[in-house]
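Source: prediction; values computed, not measured. Side chains are part of it too, since the values below use all heavy atoms of this structure and drop only hydrogens, waters and symmetry mates. Numbers here simply count residues along the sequence, with the first being 1.
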Amino acid sequence: MTDVLITAGELAEFLKHEPCVIIDTRNPEAYGAGHLPGAVNVHEIFTYLATSTPEGIHELKTKFADAFGAAGLSGKETAVIYEQSMNSGFGQSCRGYYLLTMLGYPKVKVLHGGYDAWAAAGLPVTQEVPSPVKASFSVLPEAGDILIDAKTMLAAVGKPGIALLDVRDIDEWIGESSSPYGKDFCPRKGRIPGAVWLEWYRMMKPTAEGPRFKSKNEILAECATVGITESTPVYLYCFKGARASNTFLALKNAGVKDVRMYFGSWNEWSRDPALPIEEGLPMEAKLTTKAA
């Protein structure tokens with residue numbers, strides 16, 4: 001696959017010869033203070049809390065097909081999405097990438113390093129708000145396979161061969177907090193039984209310019225620590241599908257073939273008392289040793 005990530009310098013060149021719609025996922029205040037020229041503000045990419053009922057999935061698809069169409073995406077343009085920096089928005093630019101991919105949009109790029117990288121490169125910023133021409137946005141139903149619901153997630157619990165991957169922060173993983181919105185935002189704390197854990201930050205490494213995604217081999221090495229290879233089906237979740245979108249992009253870029261996301265994530269799972277959870281510190285893994 002072509003790399004989804006694009007550097008600020010590459011994007012400046014790309015914009016000269018490719019039709020693009022630039023989408024700023026930050027809050028309206030940050031956008032108003034300065035943004036990439038021509039960028040459209042769609043903060044709901046980050047804030048929207050989805051459910052995975054058939055009605056909830058239909059609403060999610062309709063809402064964002066409308067929002068992306070209103071931003072001017074017709075299928076001909078490359079969608080370029082950015083946030084402030086790669087670790088300040090809980091993966092919100094990557095959530096935009098995931099949503100567009102789930103809707104079947106053919107050309108999507110994420111600005112690596114976000115607005116900070118663009119500004120640091122001395123590239124132009126503006127406070128001018130564009131008036132995008134509304135476009136007809138087509139949804140490809142089959143692209144929605146990368147979105148899974150609570151039933152599919154439940155069916156995968158205890159199923160060998162599928163990795164349930166939790167990428168939330170450590171306090172959420174061990175059940176001390178229910179969400180980044182506050183410890184008691186959700187009624188239950190814990191994790192989906194049998195999930196393995198890679199904190200989403202581990203897909204990135206610090207650089208002098210701020211966090212950047214690790215290389216393909218570095219990401220595959222992180223995955224290997226929890227038994228995930230390029231051919232392992234991976235079902236991702238976090239709290240609401242933002243941090244997991246950051247990991248989704250990392251895994252897809254690294255060549256993991258079958259990556260899907262439980263987009264309702266912990267926000268939905270924890271609210272249904274019928275769904276099982278594990279709490280507290282994870283049980284020690286049973287170590288298997290080969291006979292000498």
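- Thr152 places no side-chain N or O within donor-acceptor distance of the main-chain N or O of Ile148, the cut-off being under 3.5 Å.
- Between Asp3 and Lys109 there is no salt bridge, since no side-chain N of the basic residue sits under 4.0 Å from a carboxylate O of the acidic one.
- Connection of Phe46 to Leu99 is established within a shared hydrophobic cluster, with ILVMFWY side chains joined at heavy-atom distances below 4.5 Å, either directly or through further cluster members.
- Among residues at least two apart or in separate chains, there is no salt bridge (charged side-chain N to carboxylate O under 4.0 Å, His left out) pair with a member in residues 70-92.
- Tracing side-chain contacts under 4.5 Å through hydrophobic residues (I, L, V, M, F, W, Y), one never reaches Tyr97 starting from Tyr82; they form parts of separate clusters.
- A single hydrophobic cluster is not seen to contain both Val80 and Met86; linkage of ILVMFWY side chains at heavy-atom distances under 4.5 Å, directly or through other members, places them apart.
- Side-chain contact between Asp169 and Tyr201 is present, with at least one heavy-atom pair separated by less than 4.5 Å.
- A salt bridge does not link Lys151 to Asp149: none of the charged side-chain nitrogens sits closer than 4.0 Å to a carboxylate oxygen.
- The shortest heavy-atom contact between Arg188 and Ser178 is O-CB, 3.8 Å.
- Each of Val40, Leu100, Leu103 was scored for a side-chain contact (heavy atoms from CB on, under 4.5 Å) with Leu73, with one residue passing: Leu100.
- Of the inter-residue distances, the one linking Glu209 atom CD with Asp116 atom CG reads 11.5 Å to the nearest 0.5 angstrom.
- A continuous path of hydrophobic side-chain contacts links Val259 to Leu220 [ILVMFWY only; heavy atoms under 4.5 Å].
- Inspection of the Asp166 and Tyr237 side chains reveals an N or O donor paired with an N or O acceptor under 3.5 Å.
- Contact between Pro276 and Leu154 at its shortest, heavy atoms only, is CD-CD1, 3.6 Å.
- For the atom pair CE of Met204 and CD1 of Ile219, the computed distance is 10.0 Å after rounding to the nearest 0.5 Å.
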Task: Test log, rule ring-ring contact (aromatic ring centres under 6.0 Å, His included), inputs Tyr98 and Phe248 - done: CA-CA 8 Å; Tyr98 174 82; Phe248 179 87; 5.1 Å; yes
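- Atom OG in Ser93 sits 11.0 Å away from atom CD in Gln84 (nearest 0.5 Å).
- Side-chain atoms of Val234 and Arg260, non-hydrogen and from C-beta on, never get closer than 4.5 Å to each other.
- For the pair Lys61/Ile57, a side-chain contact is recorded, criterion being any heavy-atom separation below 4.5 Å from C-beta on.
- Here the straight-line distance linking atom NZ of Lys252 with atom CG of Leu249 works out to 10.5 Å at 0.5 Å rounding.
- Contact of the Ser177 side chain with the Lys189 side chain is not registered, since no non-hydrogen atoms from C-beta on lie closer than 4.5 Å.
- Comment: Lys214 engages Glu222 in a salt bridge, judged by a side-chain N to carboxylate O separation of less than 4.0 angstrom.
- Here the closest non-hydrogen pair linking Thr7 and Leu111 is C-CD1, 3.9 Å.
- The shortest side-chain heavy-atom distance between Ser265 and Asn267 does not fall under the 4.5 Å cut-off.
- Contact between Trp266 and Ile192 at its shortest, heavy atoms only, is CZ3-N, 3.8 Å.
- Among the candidates Phe90, Trp200, Phe185, the single residue satisfying the ring-ring contact (aromatic ring centres under 6.0 Å, His included) test with Phe239 is Phe185.
- Hydrophobic clustering, with ILVMFWY side chains joined whenever heavy atoms are under 4.5 angstrom apart, groups Met261 together with Val226.
- Minimum heavy-atom separation, Val21 to Gly72: CG2-O, 3.6 Å.
- Taking CD of Glu230 as the start and CG of Leu251 as the end, the distance is 10.5 Å to the nearest 0.5 Å.
- Classified by interplanar angle (parallel below 30°, tilted 30° to 60°, perpendicular above 60°), the ring pair Tyr48/Phe64 is perpendicular.
- At a threshold of 4.0 Å, the pair Arg202-Glu218 does not count as salt-bridged, since none of the basic side-chain nitrogens sits closer than that to a carboxylate oxygen.
- Of all heavy-atom pairs between Arg168 and Glu172, the closest is NH2-O, 3.5 Å.
- Formation of a donor-acceptor pair under 3.5 Å by the Gln92 side chain with backbone atoms of Thr25 is found in this model.
- Side chains of Thr78 and Glu18: a donor-acceptor N/O pair is absent below 3.5 angstrom, by distance only.
- In this structure, the separation between CZ on Phe263 and CG on Leu49 is 9.5 Å, given to the nearest 0.5 Å.
- Asn41 places no side-chain N or O within 3.5 Å of a backbone atom of Tyr31 that could act as its donor or acceptor partner.
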Task: Trace of the ring-ring contact (aromatic ring centres under 6.0 Å, His included) decision for Phe213 with His112 - done: CA-CA 8 Å; Phe213 279 99; His112 202 186; 5.6 Å; yes
